[in-house]
Amino acid sequence: AKETGKARCVVYSPKHSGPPEHDISLEAAMFQAVREGEFLLYYQPIVDARTREIQGFETLMRWKHPTLGMVPPARFIPIAETNGLINLLGAWALKAASVQLKQFEEVAKRRLYISVNISPRQFRNDKFLDVLDDALAFSGLSGEQLVLEITEGTLMVDPIHAETILSKMALRKARIAIDDFGTGYSSLAYLKRFPISVLKIDRTFIRDLPGSQKDGAICNAVLDLAKHLDLSVVAEGVETEEQLHYLDDRGCQYIQGYLTGKPMPANVAMTALKESTYA
Ligand code: C2E
Ligand code: CA
Ligand code: CA
Ligand code: CA
């Protein structure tokens, strides 16, 4: 009956009011959102810690609902993962981001890469390699310019299957990044077993730097491990100059966070690129 009720009327059918049905209604709205084209892609710069030059972008999905406004991915990705819509959305994101990178490169006049999140269900989907090939063929991107972000959990559900898929991705030269590194339920043995190229240190280990001794120890250990395994490291969620300097001093080469650029629409990213490019 109040303001929230009003917004709900548009999106949720009246018999679906109350907590358990809430997500069902959001789910129904998602199918409509796909038809209406309400999903967008934002791009967050990944920069060189020393020069701050943009090296690539992480693709982050957004849902701009006409009355609810921006629905955060933390709310709609889990639903899409449950009902399978993630396969459709994920395929679209991979293709659209690959095409977008070509345009970014035209502006920057140099090589860049694009990083795309792959959910567990997408990774396990039979069609995933076809989707990947389609995105590369359609955009004309070469495999090396693509980084696929997966979590430790994705690898651990079915390691034998993961090994097959990852080796096929390696044939296409696409790189694999472990997202939220260190937060999953897994062992380090998979770093030896699978062809991993990038570790993304989770924001929870960065947030309390440089004050936290424990987080500092964890970051140092990850950087040391990465160095010896010849992996690149991206520190996520860097918000302060102190954090950047701390990480740079310890050999962390790549930074992603609000300090060096929030997730932004493609046209804004284009402006950021012009400013970041010394041609
Ligand atoms: P993620 O992959 O770990 O993405 C990083 C998240 O941290 C993003 O949240 C980003 O906006 C946020 N972030 C980046 N820098 C900072 C910072 O300096 N401070 C703070 N506080 N946050 C920062 P976002 O965009 O809300 O996405 C949340 C999660 O949703 C992602 O976490 C990812 O797991 C998922 N997601 C987003 N887009 C996609 C997608 O296209 N496909 C799939 N499968 N998942 C996606
Ligand atoms: Ca990610
Ligand atoms: Ca992450
Ligand atoms: Ca995360």
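Since the structure is predicted, the reported quantities are computational estimates derived from the model, not experimental observations. Read the numbers this way: they start at 1 and go in the same order the structure lists the ligands and their atoms.
Between D180 and ligand 1, at least one N/O pair is under 3.5 Å apart. The N/O atoms of M61, backbone and side chain alike, include one that comes under 3.5 Å of an N/O atom in ligand 1. For E149, no nitrogen or oxygen atom sits less than 3.5 Å from a nitrogen or oxygen atom of ligand 1, counting backbone and side chain alike. By the 3.5 Å distance cut-off applied to N or O atoms, Q256 is not counted among the residues near ligand 1.
With the Ca ion (ligand 2) as the vertex, OE1 (E149) and OD1 (N117) define an angle of 90°, rounded to 10°. Geometry about the Ca ion (ligand 3) gives an angle of 100° between OE2 of E236 and OD1 of D179, rounded in steps of 10 degrees.
Taking 3.0 Å as the threshold, D180 does not count as a candidate ligand of the Ca ion (ligand 2), since none of its N, O or S atoms lies below it.
With distances taken over non-hydrogen atoms, the option nearest atom 33 (C) of ligand 1 out of T154, T59, N117 is N117. Residue S119 holds the heavy atom nearest to atom 44 (N) of ligand 1 of all those in A177, G257, P45, S119.
Here is the list of ligand 1 atoms found below 4.0 Å of a heavy atom in Q44: 14 (C), 15 (N). Applying the 4.0 Å criterion to heavy atoms of P73 picks out, from ligand 1, the atoms 24 (P), 25 (O), 26 (O), 27 (O), 28 (C), 30 (O), 37 (C). Distances below 4.0 Å separate heavy atoms of P263 from the following atoms of ligand 1: 11 (O). Taking every non-hydrogen atom of E239 and a distance limit under 4.0 Å, the qualifying atoms of ligand 1 come out as 17 (C), 18 (O), 19 (N), 20 (C), 21 (N). When each atom of ligand 1 is checked for a heavy atom of E58 under 4.0 Å away, the hits are 2 (O), 4 (O). Less than 4.0 angstrom separates some heavy atom of E236 from each of these atoms of ligand 1: 3 (O). Counting the atoms of ligand 1 from 1 in the order shown, those under 4.0 Å from a heavy atom of V238 are 18 (O).
Proximity of V116 to ligand 1, defined as any heavy-atom pair under 4.0 Å, is not found for any part of the residue.
The pair R110-E53 counts as a salt bridge, with a side-chain nitrogen and a carboxylate oxygen less than 4.0 angstrom apart. Between E149 and K200, at least one side-chain N (NZ, or NE/NH1/NH2) sits under 4.0 Å from a carboxylate O, which counts as a salt bridge. Using a cut-off of 4.0 Å between Lys/Arg side-chain N and Asp/Glu carboxylate O, E163 and R193 are scored as salt-bridged. Look at E242 and R207 and you find no salt bridge, because none of the NZ, NE, NH1 or NH2 atoms lies under 4.0 Å from a carboxylate O.
Looking at D179, I46, I201 one by one, the single match for side-chain contact (heavy atoms from CB on, under 4.5 Å) with E236 turns out to be D179.
When side chains are defined from C-beta on, L146 counts as touching L132, because their heavy atoms get closer than 4.5 Å.
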Criterion side-chain contact (heavy atoms from CB on, under 4.5 Å) on F123 and L166, from CA distance to verdict: CA-CA 10 Å; F123 185 81; L166 291 181; 3.9 Å; yes
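When the N, O or S atoms of E58 are ranked by distance to the Ca ion (ligand 2), OE2 comes first.
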